[in-house]
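Structure first, then comments.
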Amino acid sequence: MLTVAWLVALLLGAVALAYVNASGIVWTVALGAALGIAWGASLLPAWLSLALAAVFVLLAIPLNVTALRRMLISDGVLALYRKILPPMSQTEREAIEAGSVWWDGELFSGKPDWDRLLTVARPALTPEEQRFLDVETQELCELITDWETTHVHRDLPQHVWQFIKDKGFLGMSIAKEYGGLGFSGYAHSQVMTKLSTRSGTVAVSVMVPNSLGPAELLAHYGTDAQKRYYLPRLAKGIEIPCFALTNPTAGSDAASIPDYGVVCWGQHEGKKVLGLAVTWDKRYITLGPVATLLGLAFRAYDPDHLVGDKEDIGITCALIPTSHPGVEIGRRHMPLSAVFQNGPNWGKNVFIPMDWVIGGQPMLGRGWRMLMECLAAGRGISLPSSATGMAKLAVRATGGYARVRSQFKTPIGKFEGVEEALARMGGTLYMMDATRALTAAAIDIGEKPAVVSGIAKLHLTERARQVVNDAMDVVGGKGICMGPSNFIGAAYMQVPVAITVEGANILTRSLIVFGQGAIRCHPYVLKEMLATREHDPTQASVAFDAALFGHLRFAATNAARALVLGLTGARFVAAPAKAAPEARRYYRELGRCSAALALLADVSMAVLGGALKRKEKLSARLGDVLSLLYLCSATLKRYEDEGRPAADAPLLHWALQDALFKTQHAVDGVLSNFPNRFLAAVLRRLVYPLGRPYAPPSDKLGHDVAKLLLEPSATRDRLVAGSFVSKAPDDPVALIELALVATLAAEPIEAKIRAAVKEGRLDAKLPPGGGLDALVARAQGQGVISAAEAQAVIAARELTAKVIRVDDFAQDLGTAGQRPLDYRHRHQQAPAAPVVHRAAA
Ligand SMILES: Cc1cc2nc3c(=O)[nH]c(=O)nc-3n(C[C@H](O)[C@H](O)[C@H](O)COP(=O)(O)OP(=O)(O)OC[C@H]3O[C@@H](n4cnc5c(N)ncnc54)[C@H](O)[C@@H]3O)c2cc1C
């Protein structure tokens with residue numbers, strides 16, 4: 001009996017020591033004491049006690065004496081690591097090392113420090129930025145309609161382009177000293193969000209010069225002369241930039257572009273100068289057809305060693321005026337139903353002087369690192385903001401529409417089936433907007449969060465797609481028939497653009513989020529990898545030993561935490577003191593999920609090693625857990641930042657419960673498909689010792705969320721804050737807003753009429769063709785309602801009629817007499833694979 005008690009105490013003690021991440025010496029003393037007790041109290045047979053004591057001494061000495069431990073254990077493991085670790089190319093290394101680790105590191109730690117998150121200042125606009133949003137951005141939105149842009153002009157009209165240039169929209173992210181607006185990431189994000197509630201075309205046209213493109217690259221890596229010349233011109237729209245990386249053969253795998261430039265001497269402005277003869281073939285390049293300045297990525301080669309020893313110098317970025325002889329540019333692609341400028345460009349043996357390379361000759365071959373670093377920040381703003389803008393438009397307009405559109409004498413938004421879609425839309429948007437704002441805030445405090453910005457891009461664009469799909473289902477035929485009255489069809493068609501660009505979503509989910517996250521955010525993995533590449537044997541041994549044993553303790557801690565938090569339902573861990581009482585349980589649950597993620601990540605990496613890179617479905621699910629933890633963190637922070645408004649609580653609860661349920665689904669997917677079934681069973685016991693804990697948001701909660709979308713309120717205003725609503729009398733979104741107010745005002749009056757009918761005071765029998773209007777007139781005539789009330793009911797009916805109408809066109813849809821589109825497939829000849837190319841004589 002005593003022996004059993006000793007064994008139980010030993011087990012509990014081990015879990016407790018692991019839980020608190022006890023040091024090696026504490027483990028040694030505790031185990032020594034336990035064995036001493038067993039020996040003294042004769043709890044074990046003497047031979048067993050002796051054997052255990054021998055094993056203990058044999059292990060404790062090398063484990064506690066670092067030099068011995070390195071020699072006997074770590075150096076051997078290091079040698080093994082060196083053999084099995086897949087080789088990492090320079091490009092992969094640059095991609096992995098780009099940017100900084102921020103809150104994602106906490107989420108990977110198994111024990112996030114919530115105070116670190118909650119003390120990040122709430123993002124805010126300066127008065128100047130606020131004015132720009134309220135005046136210039138508002139005016140730009142008023143100037144365009146998506147329908148006219150897309151179907152009439154097939155471009156932004158000239159006066160809109162001029163307005164964009166004159167007001168500095170193309171230079172929001174350029175510093176004031178160069179004539180730009182010098183806006184924060186958050187201000188940039190607010191402008192993008194608002195523009196996207198109006199027109200995808202204008203949003204994309206403004207987005208590109210402000211995100212990954214010539215200005216961003218120049219600001220970080222340009223020479224002084226390049227900055228002084230180009231930045232003021234870009235800020236004022238004198239130059240229209242584009243950035244060309246994608247080649248027909250290298251889309252997602254952009255590092256393998258075959259476009260090349262050979263270092264050589266050539267003639268430029270009458271002088272013989274050193275430069276590059278560049279050959280390229282690019283497609284999908286946004287703003288390309290109207291660009292005056294082409295940012296070009298290609299691989300530089302130096303076969304004649306004119307600049308150094310290396311022949312293959314690596315990816316290089318240059319700025320080439322599109323008027324330069326040999327630059328072929330101007331034709332357009334048609335990206336779905338959006339008419340932002342996008343097209344191919346190419347050139348063959350085009351000589352450019354060396355000082356057109358961004359940063360000049362010293363930056364030859366540094367292009368990939370430049371792109372990765374800029375992407376780390378840029379990806380976190382533009383696409384997440386435009387995705388959120390689309391979702392705001394969808395939620396505002398669809399919520400209003402679902403309230404004014406009735407079927408079966410009931411507003412469609414009150415049917416449970418529709419309610420389900422509306423709840424999803426509302427809860428999802430709440431989380432999206434929170435994530436957008438937090439990610440911009442991170443960039444404004446100086447982070448370049450590569451993993452977080454990938455998460456924001458991937459999940460916000462996916463969620464925008466889901467919100468817009470739901471909106472399409474709710475509005476029915478009204479969403480399908482295109483025309484100026486359709487408020488959602490254009491977004492539906494354009495949403496895949498955001499899914500594809502700046503890292504297509506399947507790739508980002510399968511390869512990047514966890515692949516980069518596990519290495520960058522894990523406290524020890526990158527240290528271990530770097531140690532394997534250390535040339536000095538002593539330094540490698542010391543660094544690897546520290547990382548390896550830190551890693552082992554980290555893994556044990558997370559296993560213990562996952563188990564203890566699972567057994568206790570995370571009830572006894574402290575939530576941050578600052579947190580709202582109604583939100584505290586979520587902090588605890590997220591702590592539990594963080595421990596589970598850290599454990600699963602470690603075991604997956606240990607078991608699968610380099611093969612995890614190919615096990616994309618597992619990697620994607622682990623990435624989903626990390627992503628959901630980030631989205632949840634942002635949502636909790638938003639709730640605190642906005643002062644915990646009680647009326648918004650349903651949105652918080654829905655978003656968090658939905659995300660926790662999805663996290664569980666992702667964990668379940670990892671466990672069900674884990675190749676080692678024994679380990680999978682052990683992991684399941686550790687992560688879910690009492691079964692799966694999370695359920696999806698209840699129907700009642702969904703009902704509460706859907707209700708928030710169906711009538712005006714401070715909560716609805718916060719949910720769609722920053723979206724544009726036109727003052728034009730026929731604008732479809734403006735009409736919905738008016739109809740919504742009018743419908744709500746008319747409802748009590750209609751109730752009076754119904755009551756009068758029920759009580760027999762009003763005869764509801766009407767002659768054929770007599771509708772509600774006739775009944776209203778009769779009610780007014782008989783004094784059931786006043787003239788003003790009658791007018792209110794009629795006004796609501798008229799507005800609703802305008803809201804539900806769809807557009808119709810002449811039978812030929814206006815095409816008669818037009819010549820067919822001049823399309824062609826230019827014979828695209830991919831440059832040869834990147835072998836060394838000799839300079840032309
Ligand atoms: C409208 C538009 C604007 C663009 N603007 C620009 C621009 O301004 N400048 C520029 O340089 N480029 C631009 N692009 C190019 C864009 O970045 C590429 O389209 C993108 O990189 C994907 O390349 P791809 O279309 O060739 O798809 P592919 O690379 O052929 O990918 C097809 C599918 O395979 C998936 N996939 C690929 N590899 C993997 C993998 N290892 N694991 C899992 N899934 C994988 C992708 O996720 C995708 O779903 C633009 C594209 C579009 C459509």
Side-chain angles (χ1 to χ4, degrees), residues 86 91-92 95 150 200-201 203-217 240-259 280-291 293-298 315 317-320 322 329 331-346 367-368 370-372 374-375 378-379 382-383 386-387 454 457-458 461-462 465 493-516 611-621 623 828 830:
T91 346
E92 269 182 295
T150 308
T201 299
V204 173
S205 304
V206 168
M207 175 193 303
V208 167
N210 285 291
S211 63
L212 181 65
E216 179 84 1
L217 295 171
I240 300 284
C242 68
F243 192 81
L245 172 64
T246 306
N247 172 287
T249 59
S252 300
D253 185 13
S256 71
I257 42 171
D259 314 286
W280 74 96
D281 187 1
K282 304 290 190 184
R283 63 176 180 178
Y284 306 147
I285 308 308
T286 303
L287 293 190
V290 292
L293 186 61
L294 167 68
L296 187 71
F298 57 89
I315 291 177
C317 299
L319 292 181
I320 307 177
T322 54
I329 198 162
R331 290 187 62 79
R332 284 175 75 176
H333 301 308
M334 258 197 222
L336 292 167
S337 169
V339 289
F340 58 85
Q341 296 284 339
N342 183 282
N345 61 80
W346 63 98
W368 191 248
M370 287 157 65
L371 291 174
M372 287 302 107
C374 288
L375 197 61
R379 186 156 56 182
S382 304
L383 291 166
S386 59
K457 188 271 163 179
L458 160 66
T461 55
E462 282 299 340
R465 168 151 72 180
M493 278 188 263
Q494 291 164 16
V495 97
V497 173
I499 303 287
T500 300
V501 300
E502 290 197 18
N505 280 6
I506 295 183
L507 168 106
T508 306
R509 176 168 177 258
S510 318
L511 211 62
I512 308 290
V513 173
F514 183 74
Q516 196 173 18
L612 189 53
K613 204 168 151 184
R614 290 185 300 279
K615 287 264 170 212
E616 288 194 346
K617 292 180 212 161
L618 285 186
S619 173
R621 292 184 186 112
Q828 290 180 325

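Computed from heavy atoms alone, side chains included, the values below leave out hydrogens, waters and symmetry copies. Indexing begins at 1, ligand by ligand and atom by atom, following the structure's order. Count residues from 1 along the sequence.
Summarising the geometry, atom CZ belonging to F514 is positioned 13.0 Å from atom CZ belonging to R509; distances are rounded to the nearest 0.5 Å. Distance check: K615 NZ to R621 CZ gives 10.0 Å after rounding to the nearest 0.5 Å. K457 NZ to I499 CD1: the interatomic distance, rounded to the nearest 0.5 Å, is 6.5 Å. Interatomic distance, S619 OG to K613 NZ, rounded to the nearest 0.5 Å: 11.0 Å. How far CG of L507 is from OG1 of T500: 11.5 Å, rounded to the nearest 0.5 Å.
With respect to atom 48 (C) of ligand 1, the closest heavy atom belonging to the protein is A504 CB, 3.9 Å. When hydrogens are left out, the protein atom nearest atom 16 (C) of ligand 1 is T246 OG1, 3.9 Å; that is the closest non-hydrogen contact. From the protein, the heavy atom lying nearest to atom 8 (O) of ligand 1 is T286 N, 3.0 Å. Closest protein heavy atom to atom 44 (N) of ligand 1: I506 CG2, 3.7 Å. Nearest protein heavy-atom neighbour of atom 9 (N) of ligand 1: F243 O, 2.8 Å.
Distance screen at 4.0 Å: atom 11 (O) of ligand 1 has a protein heavy-atom neighbour inside the cut-off. Checking atom 20 (C) of ligand 1 against the protein gives a heavy-atom contact under 4.0 Å. For atom 34 (O) of ligand 1, no protein heavy-atom neighbour is present inside the 4.0 Å cut-off.
Among the atoms of Y284, some N or O lies under 3.5 angstrom from an N or O of ligand 1. On a distance-only criterion, D253 and ligand 1 share no N/O pair closer than 3.5 Å. Polar contact with ligand 1: absent for A244 (N/O pair, distance under 3.5 Å). For a threshold of 3.5 Å applied to N or O pairs, the pair formed by R283 and ligand 1 contains no separation below that value. When only interatomic distances are considered, the shortest N/O to N/O separation between E616 and ligand 1 falls below 3.5 Å.
Residues T461 and N505 bring a donor and an acceptor atom of their side chains to less than 3.5 Å of each other. Residues N247 and D281 have side chains that never bring a donor and an acceptor to within less than 3.5 angstrom of each other.
Counting all heavy atoms, side chain and backbone alike, V497 lies closest to L336 at CG2-CD1, 4.3 Å. Listed here is the closest heavy atom pair of C242 and L287: CB-C, 4.0 Å. Closest heavy-atom contact between L293 and P214: CD2-CB, 4.5 Å.
Interface of L245 with ligand 1, defined as ligand atoms under 4.0 Å from a residue heavy atom, comprises 10 (C), 11 (O). Within ligand 1, counting atoms from 1 as listed, the ones closer than 4.0 Å to a heavy atom of V501 are 2 (C), 3 (C), 4 (C), 50 (C), 51 (C), 52 (C). When each atom of ligand 1 is checked for a heavy atom of T500 under 4.0 Å away, the hits are 19 (O), 20 (C). Within ligand 1, the atoms closer than 4.0 Å to a non-hydrogen atom of V497 are 1 (C), numbered from 1 in the order shown. Taking every heavy atom of L511 and a limit of under 4.0 angstrom, the matching atoms of ligand 1 come to 41 (N).
The backbone and the side chain of L507 each have at least one atom closer than 4.0 Å to an atom of ligand 1 (non-hydrogen atoms only). When non-hydrogen atoms are compared, ligand 1 lies under 4.0 Å from neither the backbone nor the side chain of L287. The residue K282 has no part lying near ligand 1, judged by heavy-atom distances below 4.0 Å.
Side-chain contact between I285 and N342 is absent, with no heavy-atom pair separated by less than 4.5 Å. Residues L371 and L217 have side chains in contact (heavy-atom distance under 4.5 Å, counting atoms from C-beta outward).
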Derivation of the side chain to side chain contact (heavy atoms under 4.5 Å, CB included) call for W280 and N345: CA-CA 8 Å; W280 74 96; N345 61 80; 2.8 Å; yes
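Atom 28 (P) of ligand 1 has its nearest heavy-atom neighbour, among G251, A250, S252, in S252.
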